[in-house]
Structures are given as structure tokens and as C-alpha cells.
Amino acid sequence: MKILFIFSSLIFSSICLPQLDKSFTLKEILKLSENLDEISEMKFEAQKSQLDSEIIKGNYNPKFEVVAGIGPITEAYGNAISSQNSKITDVKNWNAVFQFSIGANYPIYTWGQKNDYLEAARLNELIGTEKVNAALNEIKYKIKETYSAHLLTNNLIDLASETLSEIDEILAKVSNKDVTYRLNILKYQLESKKTELLNHLKLSESAFKYFTNDESQETKITLKDKWLEYNKRELNELKHYLQILESSRPELKQIDYGISAKNLLSNAVKKSNLPQFGAYIKYQYSYTSAREPQDSVYAYDPYNENRAVGGIGVKWNFDLGITNGQSAKHKVESIQLKSKKIDAFKKLSLLVKKNWIQIKTLEQNIKDTSKAMKFAKKLLQRTLAAGTFGLSNSKSIVDSYEERILTYKDYVQKIHEYNMAWANLSLSVGQEVDPLLLE
């Protein structure tokens with residue numbers, strides 16, 4: 001009985017959890033989408049390229065080599081100059097030897113090779129950043145599409161509810177079977193469509209929870225805008241958007257950075273065939289009591305040593321076949337990217353022009369469908385008025401309702417397409433150009 005009580009309490013508490021409503025505008029959702037997990041993950045990937053610069057700097061920084069050790073050595077006596085007096089007294093008598101050395105070299109002048117590699121690494125980092133921007137543009141387009149479709153759905157649900165209410169009023173007044181049957185057919189068709197639209201709303205609300213990074217079960221996402229309304233924007237000349245395309249489209253910027261990086265790598269590889277000037281130092285120390293120090297300057301004593309040396313020098317590698325081939329490969333890849341950019345710009349320009357024309361076309365379409373919707377509404381009013389005097393049949397009434405529904409649906413659908421045409425234009429040029437979202 002106690003377990004049943006606890007279980008019932010848990011169910012009741014879960015049902016009674018307070019629901020937190022969060023309301024957003026389109027601009028707010030677009031801003032929140034910049035922190036999506038998939039975008040954050042891509043940003044981390046882009047930041048990895050920063051490590052390339054650190055690796056390159058390390059390759060041109062001073063190189064230090066330190067060797068130290070201690071080990072056993074057999075004891076011996078003698079002098080390197082008078083070797084006839086040298087002898088090993090006992091090979092079984094072991095002692096310790098200690099050796100230490102440190103060396104460093106530093107490239108002073110490399111004909112700008114280091115800067116070429118560093119700049120190429122920086123450009124690769126920018127390529128990663130533009131990949132993130134391209135992915136974010138795609139996500140923002142999906143948000144705009146979901147947002148506009150959500151408002152469109154609200155409009156259609158509102159129309160369906162209003163029409164169903166009117167039909168119920170008519171059904172309560174008329175007794176004509178033909179009228180009743182036809183209106184009931186229309187009624188249940190609308191009920192079915194309304195249920196379908198309500199399911200679409202639930203799906204879009206789930207999408208908004210994802211876009212706003214809020215997966216909490218207790219949170220309900222709502223929109224500050226309730227219905228789809230026509231907001232005409234000022235459209236600039238086509239040339240204006242083509243200029244934005246050339247300077248802002250992330251995919252084109254990636255190609256530009258890639259071309260520059262390949263040219264820099266080609267030059268850097270070539271410079272490997274040039275002499276590199278650098279400085280070096282070396283210090284060596286060793287000691288063991290198992291050997292007599294060799295004091296003569298003409299004797300080499302690796303066991304009791306204490307000397308340092310330093311200077312400047314030239315390092316020159318001759319590897320013309322490999323380096324010239326690698327340099328040529330980077331140059332060919334650069335030329336290939338230039339060709340790719342020309343082709344990509346042509347295709348994207350056509351896409352921008354298509355979206356630009358579509359916006360202008362839809363502005364006129366919205367005007368026309370708005371007029372058609374007004375006439376359909378007047379027709380319905382006249383048909384209903386005539387019906388009260390028995391001057392219109394059931395088919396005329398149903399047809400008038402269908403005309404009003406279809407013209408209204410066409411009108412709000414064109415508004416949705418108009419919003420999406422602006423979204424497509426922003427996506428195609430690579431940055432936000434919708435005046436409503438720039439304010």
C-alpha cells in the first residue's frame with residue numbers, strides 16, 4: 001500500500017510540474033541557433049587549425065638537444081701521449097662514467113619561408129571559419145522556413161475554425177437535406193485538415209526547442225508572432241546582391257583562401273632549395289675517475305671533457321626533384337581552385353538572379369491573390385444572403401465556401417513563398433539581406 005502511495009505521488013507531482021513558457025521572435029531564434037551543439041562542434045574543428053601555426057613556429061624556433069647519462073666503465077690507467085705506459089690494471093674493476101651534452105641551432109634567415117607557412121596556416125584557419133558560417137547559413141534558412149510555415153499553419157487553422165463555426169450556425173438553421181449533406185461533407189473535410197495542421201504545429205514546436213537549445217520537457221516554446229502577415233520589403237538592384245555574393249558567400253571565400261594558401265605553399269616549398277643561415281652552440285661535459293684526464297690539446301678525451309663551441313653557418317639541402325614536384329603540385333591545385341571559383345560564381349549568380357526575380361514576381365502575385373480573396377469573400381456573403389431567401393442552392397453555398405478557402409490559402413501561401421524567397425536570397429548571397437531581420 002505504501003509503494004502504491006509513493007508511485008501515485010510521483011505521477012501526480014510529474015503531472016503538476018509547472019510548465020515554463022518561452023516566447024521568441026524570429027530574430028531571437030536565429031541568434032540562439034549560433035550556439036547549437038553542431039555549430040559549436042564545427043567551431044572546435046576550425047580552432048584545431050590554430051595548432052598548425054604553433055607547430056610551424058616550433059619548427060623555426062631554436063632546437064635544443066640535451067643528453068645526460070651515467071653508466072659503468074672499466075678502470076684503466078695511462079696517458080694518450082705516452083701510450084706505452086698505458087695499461088688496464090683490472091678489467092673486473094668497474095667505475096662510473098658521467099656524460100652530458102647540450103646543443104642548440106636556430107635558423108636566422110630562411111628567405112621568408114616561415115612567414116609563407118604561417119600565412120598559409122592562417123588562411124586554413126579562415127577556411128574552417130567559413131565552413132562554420134556556411135553551415136550556420138543553412139541552419140538559419142531552415143529556421144526561417146519552419147517559422148514561416150508555423151505562422152502559415154496558424155492562419156489556416158484560424159480559417160478552418162472560423163469556417164467550421166459558420167457552417168455549424170447554418171446547419172442549425174437549415175432543414176434542406178441537400179444543403180445539410182453538402183455542408184457536412186465540407187465540415188468533416190475541414191475537421192480532418194485541421195487535425196493534420198495541429199499535428200504540424202506540434203512538430204514545428206519541437207523543432208523550435210532544438211533551434212533554441214532547450215530540450216527540457218517542462219518548457220513550451222511559443223512565438224511572439226501569431227499569424228502570417230504580408231510585410232513588403234525594399235528590394236535593391238540585382239547588381240547590389242551580386243556584389244554581396246562575390247564578397248560574402250562562405251563557399252567562395254573558402255576558395256579564395258584556398259588559392260592564396262596553395263600559392264604560399266608552392267613558394268615555401270621552392271625556398272627549401274635555397275641556403276638557410278643559422279646559429280648553433282654546443283657544450284659537452286663528461287667525467288669518470290676510471291680514466292686519467294688527457295691534458296694535451298692534441299689528445300681527444302671523451303671521458304673527461306669540458307668544452308663549448310658556437311658560431312653561425314649555412315645549411316643547404318639539394319633536393320630539386322622532390323621540392324620542384326611538390327611546388328608544381330600546389331600551383332596546379334591553385335589553378336584548379338580558380339577554375340572552380342569561376343564555375344561556382346556563375347551558378348550562384350544565376351541562383352541569386354532567380355531569387356531576386358521571384359521576390360518581384362511574388363509581390364505582384366500577392367496583390368492579385370489579395371484581390372481574388374476579397375471577391376471570394378463578397379461572393380460568399382452574397383450567396384449566403386441569397387440562400388436565406390431561397391435564391392441559391394446547396395452547391396452554390398458549398399462552392400462559395402470552397403472558393404473563399406482556396407483563395408485565402410493561395411494568398412497566405414504566396415506570403416509564405418515571399419518570406420522564403422527573401423530567405424533564399426540571403427542564403428544564396430551568403431549573408432542576411434532581409435530588411436526585416438537587419439533592423
Is the backbone N or O of [Y] less than 3.5 Å from a side-chain atom of [X], with the two atoms forming a donor-acceptor pair by type?
X      : Y      : value
Ser286 : Glu305 : yes
Ser192 : Tyr188 : no
Glu28  : Thr25  : yes
Asn105 : Ala279 : no
Asp225 : Trp227 : no

Under the 6.0 Å and 45° cation-pi test, does Lys144 pair with Tyr147?
->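 Checked: cation-pi criterion not met.
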Heavy-atom closest contact (Asn155 atom, Leu151 atom, distance) |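 For Asn155 versus Leu151, the nearest heavy atoms are OD1-O, 2.7 Å.
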Minimum heavy-atom separation for Leu201 to His150, with atom names?
->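 Scanning both residues, the minimum pair turns out to be CD2-CE1, 3.4 Å.
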Should Ile102 and Lys282 count as side-chain neighbours, where that means a heavy-atom distance under 4.5 Å?
->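 No. Closest side-chain heavy atoms not under 4.5 Å.
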Is any side-chain heavy atom of Leu437 less than 4.5 Å from a side-chain heavy atom of Leu30?
->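 The answer is yes; the side chains approach within 4.5 Å.
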Any idea how Tyr109 and Phe277 line up, ring-wise: parallel (<30°), tilted (30 to 60°), or perpendicular (>60°)?
->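 Tyr109 vs Phe277 ring planes: tilted.
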Using a distance-only test with no angle check, is there a side-chain donor-acceptor pair under 3.5 angstrom linking Ser426 and Glu432?
->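 Glu432 and Ser426 do have a side-chain donor-acceptor pair below 3.5 Å.
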Donor-acceptor side-chain pairing of His200 and Thr153 below 3.5 angstrom =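 Result is no, nothing qualifies.
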Is the shortest distance from a Lys or Arg side-chain nitrogen in Lys340 or Glu333 to a carboxylate oxygen in the other one below 4.0 Å?
->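 Looking at Lys340 and Glu333, the cut-off is not met.
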Which donor-acceptor pairs under 3.5 Å do side chains of residues 343-357 form with protein atoms, sequence neighbours excluded?
from   : atom 1 : to     : atom 2 : distance (Å)
Asp343 : OD2    : Lys347 : NZ     : 3.3
Ser349 : OG     : Phe345 : O      : 2.7
Asn355 : ND2    : Leu351 : O      : 3.1
Asn355 : ND2    : Asn424 : O      : 3.3
Asn355 : ND2    : Ser428 : OG     : 3.4
Trp356 : NE1    : Asn236 : O      : 2.8

Is atom NZ of Lys270 surrounded by more than 12 heavy atoms (other residues, nucleotides or ligands) closer than 6.0 Å?
->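 It does not: Lys270 NZ has 12 such atoms or fewer within range.
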Taking the six-membered ring where the residue is Trp, are the ring centres of Tyr230 and Tyr418 under 6.0 Å apart?
->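 Ring centres of Tyr418 and Tyr230 closer than 6.0 Å.
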